[in-house]
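One structure is given here, and the rest of the page talks about it.
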Amino acid sequence: MNHLTAMSLLGVCLAGASLAAPGAAAAQQAGSAGGAAPLNTLTPEERAAGWRLLFDGKTTAGWRGWKMDSMPSGWQVVDGTLKRVKPAADIITKDKFRNFELSLEWNIAKNGNSGIFYRASEDDNAIYWSAPEMQVLDDVGHPDGQSRLTAAGADYGLYPSPAGVVKGPGQWNQVRLVVNGNHVEHWLNGVKVVEYELGSPDWEAKVKASKFASHAHYGRNAEGYIGLQEHEYPVAFRNIKIRVLP
């Protein structure tokens, strides 16, 4: 979520191997390799477990621009992916979610930057002032990769992710994001990279010391939108699935 002016970048290479979800979420297989479900579909087991698609691979139904009634034209369906292809805006689900498990895959351009927002609202002048963000990044090519607090998989600016987990530009990275009450987990390529408790003393101290301190809604919405960040770089998402938790 670095807000530096970006250089003109190469497009995303959409070829890449699909990645399996962690064993703790066997019902949410993603990708098309090794006998897994076809892209952007649900297996019978996933349906039985309560999973639903947020992206069907053919349309942008269920999504809109943040503070907009429709989808910005800079996001398009390309080869079964939801892709940022030209300057646009952040996008959000039309539905709000409280407690959930989210599964998706992302593929970022060289030097690229994007993010996945959760429990977002529209009561400030930018989505990131309300919504925590799981960072999507080319760790090697983008300056944000120089700090683990802003590297791929991190809870942007608050909780760092370990090095060596993310796959590079042009490759697919698999995400599992759990938001259940105050408990949050970030999983990247089968590895739990971040875990924290919203509202805990540790979280409160980190927020107070961050740029989010003056924003009353940051991380405090009981429910909100899932968001994908437009940040000047080509990025593609696929296999976007969610399971509502009790």
Taking the side chain as every heavy atom from C-beta outward, state whether Trp187 and Val194 have any atom pair closer than 4.5 Å. no
Would you call Glu204 and Arg220 a salt bridge, taking side-chain N to carboxylate O under 4.0 Å as the test? yes
Just to verify, what does Leu42 make a side chain to side chain contact (heavy atoms under 4.5 Å, CB included) with, not counting sequence neighbours? Glu46, Arg47, Trp51, Leu53, Lys241
Please identify each residue that fulfils ring pair (Phe, Tyr, Trp, His ring centres under 6.0 Å) with Phe55, with sequence neighbours left out. none
One thing to verify: whether Asp139 and Arg148 come together as a salt bridge, which I'm taking to mean a side-chain N less than 4.0 angstrom from a carboxylate O. yes
For Arg52, all residues meeting salt bridge (Lys or Arg N to Asp or Glu O under 4.0 Å), sequence neighbours excluded: Asp95
Below 6.0 angstrom between ring centroids: does that apply to Tyr233 and His142? yes
Just checking, is any N or O donor in the side chain of Glu195 or His183 under 3.5 Å from an acceptor N or O on the other one? yes
Go through the structure and list residues passing ring pair (Phe, Tyr, Trp, His ring centres under 6.0 Å) with His217, not counting sequence neighbours. none
Should Thr41 and Leu39 count as side-chain neighbours, where that means a heavy-atom distance under 4.5 Å? no
For Lys67, what residues pass the side chain to side chain contact (heavy atoms under 4.5 Å, CB included) criterion, not counting sequence neighbours? Glu122
With sequence neighbours excluded, what pairs up with Lys94 under the side chain to side chain contact (heavy atoms under 4.5 Å, CB included) test? Arg64
